[in-house]
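Below: one structure, written as structure tokens.
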Amino acid sequence: MDPFKNRQWVVILIIISVGLIFSFRLFYIQVINKDWSERAKQITSKTENIQPPRGFIYDRNNQLLVGAETIYDIYIHPSIIKLKDSSAICKLFNLSNNDFREIIKNASSGYNVPYKPSVFIESMTQQEHAKISPYLGQINSVFAKPKIDRGYPNPIAAHLLGYIRRIDENQFKNTKAQGDFFYTKNDFIGITGLEKEYELLLRGERGNINYLKDYAGNKIETVNKKPPKPGRSLYTTLDIELQKLGEKLMENKIGSIVAIEPSTGEVLAMVSAPSYNPSSLTGRDFSENFKIFKKNDSLKPLINRPVYNDKYRPGSIFKLVQALIALDDGVILPETGFSCNKNIIGCHNHERPDNLTKAIKHSCNPYFFQVYKRLIMKDNSKNVFQTSREGLAIWEQNIKTFGFGDPLGIDLPEEKSGFIPNVDFYDKWYGKKRWAFSTIYSNSIGEGEIGVSPIQMANLASIIANRGYYYTPHVIKKIANENILKKFKIKHRTCVDKKHFEVVVKAMNEVVNKGTGRNARIDSIEVCGKTGTVENKTFNDHSVFISFAPMDNPKIAIAVYVEYGTWGSKWAAPIASLMMESFIKGSLSKKSIEKVNQISQAVILNPNTDFK
Amino acid sequence: MKYRNLSIWRNIDKPLLIMYLLLSVIGYFIMYSSTFKGLNIQTDFWSANYGKQFVWIIITLFIGFFILLLDGSFIKNTAYFTYGFVLLLLILVLLMPPIKGARSWFYFSGFSIQPSEFIKLTLSLSIAKLLSDVGSRFQEFRTKLKAFFMIIIPALLIAVQPDPGTMLVFACFIFVLYREGLSGNFLLIGLFTVLIAVVGIFLKASNSVFHLAGNAISGNIFFGLILILGFIFSFIIIRYFVLPRYRKKKIQRLIIITLLGLSISGGINYVYDSVFSERHRTRFQIMFGIKEDRKGAGYNIYQALSAVGSGEGLGKGYLKGTLSNDKYKHVPEQNTDFIFCVLAEEWGFLGSFIFISLYLSTLIRMILIAERQRSKFTRIYGYCVSGILFFHFMINIAMVIGLAPVIGIPLPFFSKGGSAIFSFGLMVFILLRLDSERKVVLR
Ligand SMILES: [Zn+2]
């Protein structure tokens, strides 16, 4: 009847075949081919690192030196800026229309996309943020995100603490090459000081979070979270009060102070002058300040002189070492006397040095010329060149037991070795058999080629205070309740027998009470010290003083080096004295406080080099 | 009255009713999941999208119940009137302010109406009436012409909106007309056209170059050459193997088909270069997998396929999708055109397969219902409803699973939108009503 009735089957067939095609296609993309499933994972899931907070740094009395400070990154979200917002933003951040357009352009191009917020002001300080925060609430498209930066509640010890900065391309590659995959390109890394030395402990362990995000990248659901392990805290041997005083005393000067607790080798204070405020190398100001410190400032404020500057000649303080070695060698006795013969080597007028104590007390140059001669020219039977060679070799060995000529091994980066001239050196310099005692005698009074760093000078004071041994000076006391510092518990003995020290200690006490170091006296404390005046051809001589106190059972050993300080007792001795008084007594007398102010105001710079 | 109700209930096609209700319920729950923002987010049910959808489903069922009480002849007699009325709305809607670039909606306070959703229903009734009226025979040219204009006028009005997806659905009437005696050649020509178009666009989109005797030839010219070669080859076959008395007719047809093929591929060449904008070209290139542009024009389909693919065999579980619901919103238009993503992601291949089976069974059930009618009107109407739903289904799913370029078109019973829920519901209820009268003689 209906000629087209069979056509229903064509239509039904078409419907079924479309169903089959769709089913096959779905079977392919859902079951067989896993690509789309993988792509879905890439679309939805995101893993983000969680930065561990960097460890804090404390002083020896658990006072905070380096902590955390909250700073703010300001974000802008271009796609939700309303018309009324833009004028408010311009007003709030003091932007011109062009600035604003530029900001929107930056926030929408390159890595940034308009539908996601991006940073447009980095590292705003808390004060700056406080000014704008009341207005931020009214603008949806701009917000502040807090982050943690280094904070310095006591802005001192910049050199010792060091600074951190964003890891650079080279460091990034190097750490990777060394199998250290901790860092991302946005991470900070310790560059100098303790920040560098204890980087591995301070940085902690990274955590991560894996979450599901929505189309705009917002975190919707956490899938997996590994919390970060915070960096360990460092407890240093530093004494905040002593450090502050030292920095104050060294204001307007160039040089170093190193104070050590002799019985442990703990560094109580380490001042490098000129210094800077450690917080000036954080946050947004970093690059600007860094440029000034590095390039524009002839005083080189970034150098940590106490460990880095090993070109200092020690001057007269070296006579103490000569005396000790000579006593131990038996080439002199405490009673040995020489005449102060100014024809050989210059001296000032003083009573006749008819024993060692008097020689040290007046720092007699001809006396120590004779002492050094006896040390080097032991065997008079051979020729003078050969004797000098042998004598110098033994002398070098002995000197080195006092921690000279090699890095001491302090836990700070870039410690320099200093220099003790030896046979090889003079062979190269003058040629073999072409030098003898008469060529090298200026070593006797700590001049010549000898180079010593301030930390080594302080260590010498510590050795004498201990009557013959030292512990490697160190800055770290404990690391978050864990003592891992075995190497700082090893007693290093000098070549000199303990019994020979007492006469030198007595002499050093004489120096302070009646000799060249009278500026270092402290009421009711027996102070031992030795002045040094290091020749300087360009300008005033350098002022050096090493000291320890009290004489019996010493609590503190100290070395002070003031460049261009004229002579040892002028600047270095009173500075050392004030430091020791403050540390031992816990406070300063009224008179001393006045003195501190006087000294800190005195400007001692070399007009020839420091103002270029 | 009571007796009448009972007889209607007895004669209603329960399988279709159940399938329809099943699709509506599944559709509602998928729609709910697609607008799901997370359990801890409190939204007022009635103001949420799924709340509105719920209201529309209830309204549809309620009105549907009244439709079951209507008289079949009343529906038939008012067909032209309703068609004319909605046609008028289609003209008026062009005066409305555009929403998302299209003038498709009348906006009243709180809700909107899309007349293009209703024209499908009224057009179906009108076509059924036109072709079933005593005295109008489909074989007559005049009837064909009337039917043609009846279809093409609303299609053009919708094209002006513009709403290419809905316009494309009007092509489904070719099935209806085919069933009523339109030459199968139209179906074949349609298939032929689609085939040549797909090959032609592919060659253009892929910028294919062929090498022939050392000369580089652009893909579409090569394609033209193949068509001509095919012609020569067929010509030779006809020339030597077909009895002379059929030869002339066959050769005529061959010439027509070849010319058609050449003009279509030439036309595509022109359209692709001159009419298409770069955006369109990119869409085709993405569809053919020639280009990956997952941030720009290919974003929708990349996200959609990822969502579908991540469903894998058994799916992530209801409300547990991580791409396609409103909580994550990785798939744009996830509660309208791309709603299938939600189902595919949360129910996997198994759910998708059951969904396809149920959906197409419903459509086949409608064909079977249409075929058992004594009334020509009901039969044609049944084909119309099945065809419209089939085209919606086909275009929508093909788009979501990357078999067709992105064309905005809702998935009936699933996509958000009151007008669509309501008008598709009415279509089914009217079919149920008309079918329930199948035993009454109605011509
Ligand atoms: Zn003298």
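All chains are named by letter (A, B, ...) in the order of the sequence lines, taking the proteins before the strands, and each is independently numbered beginning at 1. Values below: every heavy atom of this structure, side chains too, minus hydrogens, waters and symmetry copies. Predicted model only: the values in this text are computed from it and were never measured.
Chosen from Val331(B), Ile356(B), Ile401(B), the residue pairing most often with chain A at heavy-atom distances under 4.5 Å is Ile401(B). Ranked by heavy-atom pairs under 4.5 Å with chain B, the list Ile32(A), Ile14(A), Ile21(A) is led by Ile14(A). Heavy-atom pairs under 4.5 Å with chain A peak, among Gly309(B), Ala307(B), Ala398(B), at Gly309(B). Contact count against chain A (heavy-atom pairs under 4.5 Å) is highest for Val308(B) among Ile367(B), Val308(B), Leu360(B). The candidate with the highest count of non-hydrogen atom pairs below 4.5 Å against chain A, out of Tyr178(B), Phe393(B), Phe390(B), is Tyr178(B). Among the candidates Ile16(A), Val31(A), Ile220(A), Val11(A), the residue making the largest number of heavy-atom pairs closer than 4.5 Å to chain B is Ile220(A).
The two residues Gly311(B) and Gln30(A) have their closest heavy-atom pair at CA-NE2, 4.3 Å. The shortest heavy-atom contact between Lys213(A) and Tyr328(B) is O-CD2, 3.4 Å. Across Lys329(B) and Tyr215(A), no two heavy atoms sit closer than the pair O-CB, 3.3 Å. Minimum heavy-atom separation, Ala40(A) to Ser310(B): CB-CB, 3.4 Å.
Using cut-offs of 30° and 60° on the angle between ring planes, the pair Phe27(A) and Phe349(B) is perpendicular.
Neither the backbone nor the side chain of Leu191(B) comes within contact range of chain A, judged by heavy atoms closer than 4.5 Å. With a 4.5 angstrom heavy-atom cutoff, Lys5(A) touches chain B via backbone and side-chain atoms both.
With a 4.5 Å cut-off on side-chain heavy atoms, Phe340(B) and Leu26(A) count as touching. Side-chain contact check for Ile397(B) versus Val18(A): every heavy-atom pair is 4.5 Å or farther apart.
Atom OH of Tyr318(B) has more than 12 neighbouring heavy atoms from other residues, nucleotides or ligands inside a 6.0 Å radius. No more than 12 heavy atoms of other residues, nucleotides or ligands shown are found within 6.0 angstrom of NZ on Lys105(A). With a 6.0 Å radius and a threshold of 12 heavy atoms from other residues, nucleotides or ligands, Lys176(A) has its NZ atom above the threshold. For Leu314(B), the CG atom is loosely surrounded, since the number of other residues' heavy atoms within 6.0 Å does not exceed 12.
The cationic atom of Arg179(B) (NZ for Lys, CZ for Arg) does not lie both less than 6.0 Å from the six-membered ring centre of Phe4(A) and within 45° of the ring axis.
Between Glu180(B) and Arg7(A) there is no salt bridge, since no side-chain nitrogen of the basic residue lies less than 4.0 Å from a carboxylate oxygen of the acidic one.
Rounding to the nearest 0.5 angstrom, the gap separating the CH2 atom in Trp36(A) from the CD atom in Glu312(B) is 14.0 Å. Rounded to the nearest 0.5 angstrom, Ser306(B) OG and Lys41(A) NZ are separated by 11.5 Å.
Of the residues listed (Asp214(A), Thr44(A), Ile43(A)), the one engaging Thr322(B) in a side chain to side chain contact (heavy atoms under 4.5 Å, CB included) is Thr44(A), and it is the only one.
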